[in-house]
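Structure record follows, encoded as structure tokens.
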Amino acid sequence: MTGGAVNQLPTYSELLFSPLFFWPLTVFIGLVFGSFATALSYRLPRGISIVSKAHSTCNSCGRNLTPLDLVPVFSWVLLRGRCRGCGAKIGWRYPLIELATLILCLGFYARFGASPATMGMFLLAPVITSIVDIDLHYKIIPDSLNLSIAVIALVVMLAAAIAGGGGPDMLLTMGEGALAGMLAYGLGSIILRQGVMLLLKKDPMGWGDIKFFAAAGAWLGAGAEGAAAFMLVAGLAGVFLALLWQKLRGEREFPFGPAIILAFIVVLLWQGPVFLAVP
Ligand SMILES: [Zn+2]
């Protein structure tokens, strides 16, 4: 009698990518990255280094926050949104960023399955949530975050090429798709901007938005269907955001970032990254 593969113990990678292990791993990574996203949102606009070991403190009493105060989402819920020292209210902005980051990671896993490429995609989550937060508050998208989106695309391509055993040829093919997408979305958004400026005599978006378009293109590729879906979602979300902004704040100028990021997430989850074969 031959035992065959049935009796063999699973390998480490089979264990790592089994649902039993990958679900809790995704939740853990999502929460840790959520915490990282709040650090990005707080530090980048203030010019504080991401790697500096500055203590997090309460904005009201200056108490140093301990690990007990800093467990993503849970601390805020358990402490009912108040500082343990002075009882000052802590806004829901940070737990919301943490929660959104976690949900994005879970979404990537649910859509793309357990793989090295999906683990690379988790890196996108904190970058995306901090872009939305920073753009809502400061109406800018930091260059470092736009660059990160393109760099993470490269990381995911490398992970997929190594896991798929395709070697440099596979990487080159994937890179071509990403580069075509960067050009299509980058140039497309510049043409769109010039057109609007000619017709309406006003500037619809900043260079930060255009750089974001180019970085998003690296993921979405140069396909016409994806681009059409992107413009539809971005346009609808943009109109909604403009109306909301005018009603809530009475401002004509609204941050366009959240609208194009929503479009990016929707199209990415729908068609998958251009450089990955997903059903
Ligand atoms: Zn306090």
Side-chain angles (χ1 to χ4, degrees), residues 23-110 122-146 148-149 208 237 240-259 261-262 265:
W23 271 115
L25 181 71
T26 304
V27 172
F28 177 74
I29 292 176
L31 289 173
V32 171
F33 280 5
S35 179
F36 181 56
T38 62
L40 288 176
S41 305
Y42 184 83
R43 292 184 175 193
L44 280 180
R46 293 174 174 80
I48 308 171
S49 161
I50 291 306
V51 289
S52 93
K53 287 221 175 88
H55 259 290
S56 305
T57 54
C58 169
N59 286 335
S60 298
C61 65
R63 192 176 68 90
N64 276 344
L65 299 183
T66 65
L68 203 60
D69 301 296
L70 294 169
V71 183
V73 185
F74 292 101
S75 288
W76 190 83
V77 173
L78 289 174
L79 301 172
R80 295 195 178 79
R82 293 190 180 278
C83 168
R84 285 197 296 145
C86 65
K89 259 189 119 103
I90 306 164
W92 43 266
R93 174 178 166 194
Y94 290 112
L96 195 66
I97 296 173
E98 290 162 352
L99 199 61
T101 309
L102 172 64
I103 290 171
L104 269 179
C105 288
L106 289 170
F108 288 145
Y109 174 32
F122 288 164
L123 291 166
L124 259 189
V127 175
I128 285 174
T129 50
S130 54
I131 286 181
V132 172
D133 184 74
I134 292 171
D135 198 45
L136 278 175
H137 286 89
Y138 301 91
K139 295 189 183 127
I140 52 157
I141 304 179
D143 282 346
S144 55
L145 292 181
N146 281 330
S148 301
I149 291 179
F240 175 75
L241 210 58
L243 292 173
L244 191 72
W245 221 248
Q246 200 152 21
K247 196 165 170 56
L248 290 181
R249 303 205 171 188
E251 291 173 25
R252 284 187 65 84
E253 200 180 313
F254 70 101
F256 192 44
I261 281 184
L262 182 72
I265 296 167

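Worth knowing before you read on, the calculation uses all heavy atoms, side chains too, and leaves out hydrogens, waters and symmetry mates.
- Checked by atom type and distance alone, the side chain of Asn64 never pairs as donor or acceptor with a backbone atom of Thr57 at under 3.5 Å.
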Check residues 31-42 and write down every donor-acceptor pair under 3.5 Å in which the side-chain atom is one partner and the other belongs to a residue at least two apart or another chain.
residue : atom : partner : partner atom : Å
Thr38   : OG1  : Ser35   : O            : 2.6
Ser41   : OG   : Ala37   : O            : 2.8

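- The side-chain heavy atoms of Cys58 and Cys86, taken from C-beta on, include a pair separated by under 4.5 Å.
- The shortest distance between side-chain heavy atoms of Leu68 and Arg84 falls below 4.5 Å.
- Side-chain atoms of Trp76 come within 3.5 Å of backbone N or O of Ile90 as a donor-acceptor pair.
- No side-chain donor-acceptor contact under 3.5 Å links Ser130 and Asp133.
- For OH of Tyr138, the number of neighbouring non-hydrogen atoms (other residues, nucleotides, ligands) closer than 6.0 Å is greater than 12.
- No donor-acceptor distance shorter than 3.5 angstrom exists from the side chain of Trp23 to the backbone of Tyr109, with no hydrogens or angles considered.
- Side chain of Ser75 to main chain of Pro72: no donor-acceptor pair is present (N/O by atom type, distance under 3.5 Å, no hydrogens or angles).
- The shortest distance between side-chain heavy atoms of Ile134 and Ile141 does not fall below 4.5 Å.
- Using modelled atom types, one side-chain atom of Asp69 and one backbone atom of Thr66 make a donor-acceptor pair closer than 3.5 Å.
- Arg43 places a side-chain N or O within 3.5 Å of a backbone atom of Ser49 that can act as its donor or acceptor partner.
- For CZ of Arg46, the number of neighbouring non-hydrogen atoms (other residues, nucleotides, ligands) closer than 6.0 Å is greater than 12.
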